[in-house]
A.B. asks: 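Questions regarding the structure given below will be posed in turn.
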Amino acid sequence: MKEYDHTEIEKKWQKHWSKKGIYTSKENPKEPKSYVLDMFPYPSGEGLHVGHPKGYIATDIYSRFKKMSGHNVLHPMGWDAFGLPAENYAIKTKTHPRDAVGKNIARYKEQLSGIGFNYDWKREINTTDPGYYKWTQWIFLQMYKKGLAFQSNDPINWCPSCQTGLANEDLDDGKCERCGSVVEKRPMRQWVLRITEYADRLLTDLGNLNWPESIKESQRNWIGKSEGAEISFKTKDSSEIRVFTTRPDTIFGATYLVLSPEHEFIQKNERKISNITEVIQYVEKTKNKTEIERTAVGKEKTGVQLKGITAINPANNEEIPVWIADYVLTSYGTGAIMAVPAHDERDFEFAKKFDLPIREVVVPNIIDQRNPPVAGKKSVERRNIHAIVRDPKTGKYLAIKWPKFNWITFPMGGVEVGESPEVAARREVLEETGFKNLKFVKVIDGQVRAEYFATHKDENRVAYTTAVVFELENHEQAEIDEKEKAQHEVTWIEEKQINYEYMTHAEANFWRDRLPQKFSQYTGVGFLVNSGEFSGKESEQVKKAIVDSVGGKMVTKYKLRDWVFSRQRYWGEPIPLIHCEKCGVVPVPEKDLPVKLPDVKNYAPTGTGESPLAAIEKWVHVKCPTCKGKAKRETNTMPQWAGSCWYYLRYMDPKNKKALVDPKKEKYWAPVDVYVGGAEHATRHLIYARFWHKFLFDIGVVSTIEPFTRLYNVGLILAEDGRKMSKRYGNVINPDDIVATYGADTFRIYEMFMGPFTQASAWDTKSIMGSRRFIERIWRLAEKVKAEGVQPNKKLETLLHATIKKVSADIETFSFNTAVSSLMILSREFEDASEVAVNDFKILLQLLAPFAPHVTDELWTSLGNKKTIHESMWPTFDPAKIVSDTVKIVVQVNGKVRDEFEIGVSAEENEVKERALSRENVIKWLNGAVPKRVIYVKGKLVNIVIE
RNA sequence: GCCCGGAUGGCGGAACUGGUAUACGCGCACGACUUAAAAUCGUGUCCCGAAAGGGUUGUGGGUUCGAUUCCCACUCUGGGCACCA
């Protein structure tokens, strides 16, 4: 047999497949369809490194498998070529972006074709092709007509280096995601898409998607739904301030209001604010801060009171001050909050700094698990104190043992009417322990409500307890009452013993947590106190009633912001609108689409807030389509993400001049069944595309509510040094070199065998030899193959059918690494067999064909097959053949493996157990002991328990 | 801070619904072939131990006849969100 020459074989078959056109897809209602899609690449100037094709290899395998399994497969590829990187690259290399993109695409295609992918290139698309972006513009116009695209002058993120406005999604930690510059806030005219209109649907429809949980979670975080209430606070001079809160139950604790510095209230009430100069200064200062400065973690709170303005808390009619502070954001909720310092960390910090009142209105509630309330007993409400007395000499804490109840408690008792917690605590310490010289340290912020059964009084208690902390000055003790003495004894406990495990108090864990803190505030739910008629009720349950009582309304808010959709750059789709002097904004008539991106000498960004297009007089000045008067084109362009919002639809019908996609074709192919790409697109492409898709569904262009049914994230391939593969580090490995040295088939097998598909792993050129050896083994195996007279080999047959089952299931779940592993095992078994039947070998080749398409086709045709292996039918397995005649039973004694034996599959439980007990080895280990229990797991093991 | 993942030999990793932990591959060691080397093939390879045996899936506990798998606490690590009221 010939030497295995991968270059010759791979070239030959790639040519053959494309000549025969075996990857051309057509609608065929008789066959089930399968739409397998890669996230299309951005053809950058650097070309591919070995990490890029990983996902493409997976979809290639999957789609070949589907095709062999009788599916009609759509597996296309295209180019996402508008946007900043292409433009910046063009500026740098002083070429026109169009030329640069053309060159890069050619290079990418060449690299990809060497790996042997089965794309239907007849359906290739390119987002920068006017025939394509005509429809991107068309979708924008439909959105405009439905009021989903609107102009705004709000301040937006401006990247000073890229010289363009950006969407929220384009920021990474307050910096431009592309170039890392700190973004500024700039008010400027811009086009915005109302994605928030779809927030709720984008959130709820996530539920049914077969996507990685992490991506769904990212999207949920990004959409950021919170339910709360909008409540109006009147001011004394009868204007009003609307606030948004998720905790309306805490309104009785709202001791001041805070507005964002940009809040319109300030301008409108300038004259009433007595310290307006100071206020304006603060507002100006905030304006000049970047987002990063403003939101830095651990930053100290700042703010200014609006003097002369007093608001009224509608819950209790209290007069409260109004402040402005930059910790309140304009763009979320109503841009104003009610501050409840006792139950919100930020408000608490602010209140401490500016010495504003803090009022506790929610207390945590615990039901004493060791001593729960007893049904049917009467219930008594009490105000209690716990005295926490520390002896500074020993660091220990004063406690009391109650032998009769087996209790360990702090000195404790009720608070009498008019008595302060401190006085009550001193009294109890004196009565119960006799210590009289205590130095007051603090009252721990926040009470705790606890429900328990008071055994000694035979009643259920609801206790609101306050803890008071003292230091012992000296050990001088007063005489203790005899009756008290008889009940308990004084003891000292360690600090770490202050917990509910050791002590009787259900409150103990709260005291432990709050004791070392200077201040503590409780942000959880619980029971209301100091809340008028709502006191004593559960906070969660009265939320709505409280909102009603103050005339507010329940509302839902989202963190998701509308999508800033205009860019002041050249290389993007022109926004198809016209500004007419008389008629205002007029859409370009659909028959005039596409609005072609004109050629321009200088396409560098202007930095003026206008795109370079604004300088092209000839292009800009047009007649108004409506009144034929003077008008100008919109000169902003669309962001990079526009074209990728709907490209998966165009593949279904790439040449259609009359429609975005023919509804019949859409019905046949949609939705995408399997979508593969990087996790970095979680909160941009994958949210934007879902948004556009839902819009297209609403206007009847598509028939499904979601575009991508199943999603897999391809795990990164890192460089050999464990870092990201990048030109900067000089650790890039080019797939061309690997294909030349080892062959495409080896390259493909290696990348799939590296580890779980979705997991990142480091490239290791040494390891690739393992995959190469595997292919060579298959190559040599062909020599052993015999057409006739092969003795049946039961063991081989069993393994063969088990492998068909395993490989089929593994490809379906993208577990390529284990599929390859089982094929390796099968090939070893073939090698060990004295002879190999041609039909068995053919099955091995078919199972391997999606992974190593070239070498398997070569061997397949050398066995006399006329059609290529990829047009053959995927083998099926016979479940009866997977079952072998005997099973191996493992025998354990006390859970430790001591023996094993073979027995017929049909053996009954008793038979297996008896056999196990009679084994020599087992008898040795039993050593005369009588088995207490014998456990049998069918067909697997016997565990004999003797102790 | 909150929310998702992950942790298994020298390395990449495998293990079905709780049932023989370390499959498969890399590397390494030894052997065969060779004048020699490479390639190839074969054997071995979790740790301690001469052996018998014992131990081992990040750490500590728990449930179970039996735990990589389930529960609790913790450590490290990757990612998302974060002054979003």
Side-chain angles (χ1 to χ4, degrees), chain A residues 173 212-226 228-229 243-248 250 254 258 260 294-299 301 325-329 331-340 343-347 349-350 523 557-561 679-680 682-683 713 715-716 749-750 753-756 758-771 773-774 776-777 780 806 809 815 817-825 827-828 831 888-900 931-947:
Chain A
D173 198 22
E213 206 39 56
S214 59
I215 298 285
K216 293 207 255 183
E217 197 55 32
S218 290
Q219 293 210 351
R220 284 188 197 109
N221 281 342
W222 191 259
I223 295 167
K225 179 176 181 170
S226 47
V243 305
F244 173 70
T245 176
T246 54
R247 292 297 301 274
T250 63
V258 189
S260 70
R294 216 177 134 166
T295 60
V297 236
K299 193 199 75 156
K301 296 268 178 295
D326 65 3
Y327 82 90
V328 174
L329 308 176
S331 47
Y332 186 73
T334 60
I337 60 154
M338 61 176 209
V340 186
H343 305 291
D344 181 278
E345 271 178 61
R346 297 149 301 181
D347 299 344
E349 265 178 57
F350 193 79
T523 55
K557 298 278 179 197
Y558 300 92
K559 284 197 277 189
L560 183 72
R561 303 294 144 84
E680 68 274 15
T683 53
N713 284 134
L716 271 183
I749 297 262
Y750 172 64
F753 187 60
M754 285 175 85
T758 58
Q759 189 181 300
S761 46
W763 179 267
D764 181 20
T765 301
K766 264 194 299 193
S767 289
I768 202 172
M769 270 315 295
S771 304
R773 285 183 197 129
F774 170 53
E776 286 176 2
R777 200 153 64 228
R780 283 196 306 271
K806 172 123 183 92
S815 311
N817 56 332
T818 49
V820 172
S821 155
S822 60
L823 286 169
M824 285 174 171
I825 294 169
S827 75
R828 287 277 186 199
E831 209 169 41
K888 191 168 75 179
I889 301 288
V890 170
V891 188
Q892 298 183 333
V893 177
N894 278 347
K896 294 210 156 121
V897 180
R898 297 304 183 191
D899 199 9
E900 61 181 51
K932 218 166 113 189
R933 240 177 114 182
V934 180
I935 289 145
Y936 174 56
V937 180
K938 195 169 187 307
K940 279 194 177 137
L941 100 173
V942 175
N943 186 12
I944 304 163
V945 185
I946 50 175
E947 196 50 21

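In this text, all values refer to a predicted model and were calculated from it rather than measured experimentally. Any value given below was found using the heavy atoms of this structure, including those in side chains, with hydrogens, waters and symmetry copies removed.
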A.B. asks: Evaluate the criterion side-chain contact (heavy atoms from CB on, under 4.5 Å) for residue pair Asn894(A) and Ile944(A); output intermediate values, then yes/no.
C.D. replies: CA-CA 6 Å; Asn894(A) 278 347; Ile944(A) 304 163; over 6 Å; no
A.B. asks: When the ring planes of Tyr327(A) and Phe350(A) are compared, do they come out parallel, tilted or perpendicular, using 30° and 60° as the limits?
C.D. replies: tilted
A.B. asks: Between A82(B) atom P and Ile223(A) atom CD1, what is the distance in whole Å?
C.D. replies: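 After rounding, the reported distance stands at 13 Å.
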A.B. asks: Measure the shortest side-chain to side-chain distance between Trp763(A) and Tyr750(A) over non-hydrogen atoms and say whether it is less than 4.5 angstrom.
C.D. replies: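 Yes; the side chains approach each other to less than 4.5 Å.
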A.B. asks: Send over the distance from Lys896(A) NZ to G53(B) C1', rounded to a whole Å.
C.D. replies: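 Distance, rounded to whole Å: 10 Å.
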A.B. asks: Can you tell me how far P in G78(B) sits from the matching atom in U8(B), rounded to whole Å?
C.D. replies: 14 Å
A.B. asks: Mind checking the C1' distance from C16(B) to C81(B)? Whole angstroms is fine.
C.D. replies: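 Pairwise C1' distance, C16(B) against C81(B), rounds to 36 Å.
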A.B. asks: Select base, sugar-phosphate, or nothing to describe what Pro212(A) touches, counting heavy atoms under 4.0 Å on all strands.
C.D. replies: nothing
A.B. asks: Mind checking who A67(B) pairs with, Watson-Crick or G-U wobble, both distances under 3.5 Å?
C.D. replies: none
A.B. asks: Between Glu213(A) (CD) and G5(B) (P), how many Å, whole number?
C.D. replies: 7 Å
A.B. asks: Reading RNA chain B from 5' onward, which residue's closest nucleotide shows up sooner: Gly333(A) or Ser214(A)?
C.D. replies: Ser214(A)
A.B. asks: If U20(B) has a Watson-Crick or G-U wobble mate with both distances under 3.5 Å, name it; if not, just say none.
C.D. replies: none
A.B. asks: What distance, rounded to whole Å, do you find between the two C1' atoms, one in U57(B) and one in G9(B)?
C.D. replies: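 Taking atom C1' in both U57(B) and G9(B), they lie 10 Å apart.
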A.B. asks: Can you list the steps and then say if Ile946(A) with Lys932(A) is a side-chain contact (heavy atoms from CB on, under 4.5 Å)?
C.D. replies: CA-CA 5 Å; Ile946(A) 50 175; Lys932(A) 218 166 113 189; 5.9 Å; no
A.B. asks: Roughly how many Å apart are C4(B) and G10(B), using the P atom of each and rounding to a whole number?
C.D. replies: 33 Å
A.B. asks: Which parts of nucleotides 19-26 of chain B does protein reach within less than 4.0 Å, heavy atoms only, written one letter per nucleotide 5' to 3' as B for base, S for sugar-phosphate only and - for none?
C.D. replies: BB--BBSS
A.B. asks: Any strand counts, and the cut-off is 3.5 Å on both contacts for Watson-Crick or G-U wobble. Which nucleotide pairs with G1(B)?
C.D. replies: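 By the stated definition (distances under 3.5 Å), C81(B) pairs with G1(B).
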A.B. asks: Can you find a donor-acceptor pair, distance only, under 3.5 Å between Lys301(A) side chain and C83(B) base?
C.D. replies: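 Answer yes: a donor N or O sits under 3.5 Å from an acceptor.
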A.B. asks: Could you walk me through whether Thr250(A) and Met338(A) pass the side-chain contact (heavy atoms from CB on, under 4.5 Å) check?
C.D. replies: CA-CA 10 Å; Thr250(A) 63; Met338(A) 61 176 209; 3.8 Å; yes
A.B. asks: What's the closest nucleotide to the Thr683(A) side chain, out of A85(B), G13(B), C81(B)?
C.D. replies: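 Side chain of Thr683(A) sits closest to C81(B).
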A.B. asks: Would you kindly give the CD-to-C1' distance between Gln759(A) and A14(B), to the nearest whole Å?
C.D. replies: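 Distance, rounded to whole Å: 12 Å.
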A.B. asks: Considering every strand shown, what is the Watson-Crick or G-U wobble mate of A50(B) when both distances are under 3.5 Å?
C.D. replies: none
A.B. asks: For nucleotides A15(B) and G61(B), find the distance between their P atoms and express it as a whole number of Å.
C.D. replies: 29 Å
A.B. asks: Which one is paired to C28(B), where only Watson-Crick or G-U wobble pairs with both distances under 3.5 angstrom count?
C.D. replies: G44(B)
A.B. asks: Take atom C1' in G18(B) and the same atom in C65(B), then report the distance between them in whole Å.
C.D. replies: 12 Å
A.B. asks: Any base atoms under 4.0 Å from Val328(A), or only sugar-phosphate, or nothing? Heavy atoms, all strands.
C.D. replies: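 Answer is base: heavy atoms of Val328(A) come under 4.0 Å of a base.
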A.B. asks: Any strand counts, and the cut-off is 3.5 Å on both contacts for Watson-Crick or G-U wobble. Which nucleotide pairs with U59(B)?
C.D. replies: A73(B)
A.B. asks: Could you tell me how far apart Asp344(A) (CG) and G1(B) (P) are, to the nearest whole angstrom?
C.D. replies: 17 Å
A.B. asks: Under a 4.0 Å threshold between the charged nitrogen and the carboxylate oxygen, would Glu831(A) count as salt-bridged to Arg828(A)?
C.D. replies: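 Yes, charged N to carboxylate O under 4.0 Å.
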A.B. asks: With Glu680(A), which residues qualify under salt bridge (Lys or Arg N to Asp or Glu O under 4.0 Å), at least two apart?
C.D. replies: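 Glu680(A) satisfies salt bridge (Lys or Arg N to Asp or Glu O under 4.0 Å) with no residue once adjacent residues are dropped.
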A.B. asks: Separation of Glu349(A) atom CD from A85(B) atom P, in whole Å?
C.D. replies: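 It works out to 16 Å between those atoms.
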A.B. asks: Between U77(B) and U45(B), how far apart are the P atoms? Round to whole Å, please.
C.D. replies: 35 Å
A.B. asks: Roughly, in whole Å, what's the span from NZ in Lys559(A) to C1' in C83(B)?
C.D. replies: 11 Å
A.B. asks: Roughly how many Å is it from CD in Glu217(A) to P in C81(B), rounded to a whole number?
C.D. replies: 12 Å
A.B. asks: Arg561(A) near the nucleic acid: base, sugar-phosphate alone, or nothing, with a heavy-atom cut-off under 4.0 Å?
C.D. replies: base
A.B. asks: Tell me if G53(B) is syn or anti. Syn = glycosidic torsion within 90° of 0, anti otherwise.
C.D. replies: anti
A.B. asks: Keeping the roles fixed (side chain from Ser821(A), backbone from Asn817(A)), state whether a donor-acceptor pair exists under 3.5 Å.
C.D. replies: no
A.B. asks: Where each residue is assigned the nucleotide of RNA chain B containing its nearest heavy atom, which of Asp347(A) and Trp222(A) is assigned the position nearer the 5′ end?
C.D. replies: Trp222(A)
A.B. asks: Specify the closest pair of heavy atoms between Gly333(A) and Phe244(A), including all atoms of both residues, with the distance to one decimal.
C.D. replies: CA-CB, 4.0 Å
A.B. asks: Just to confirm, is there a sub-4.0 Å distance from OP1 or OP2 of C41(B) to any side-chain nitrogen or oxygen of Arg780(A)?
C.D. replies: yes
A.B. asks: If we take the P atom in both A7(B) and G58(B), what is their distance in whole Å?
C.D. replies: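 Each nucleotide's P atom is 8 Å from the other's.
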A.B. asks: Mind checking side chain to side chain contact (heavy atoms under 4.5 Å, CB included) for Thr758(A) and listing every partner two or more places apart, or none if nothing turns up?
C.D. replies: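 Per chain and number, Thr758(A) pairs via side chain to side chain contact (heavy atoms under 4.5 Å, CB included) with Tyr712(A).
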A.B. asks: Check this one for me: any side-chain N or O of Tyr327(A) less than 4.0 Å away from OP1 or OP2 of A85(B)?
C.D. replies: no
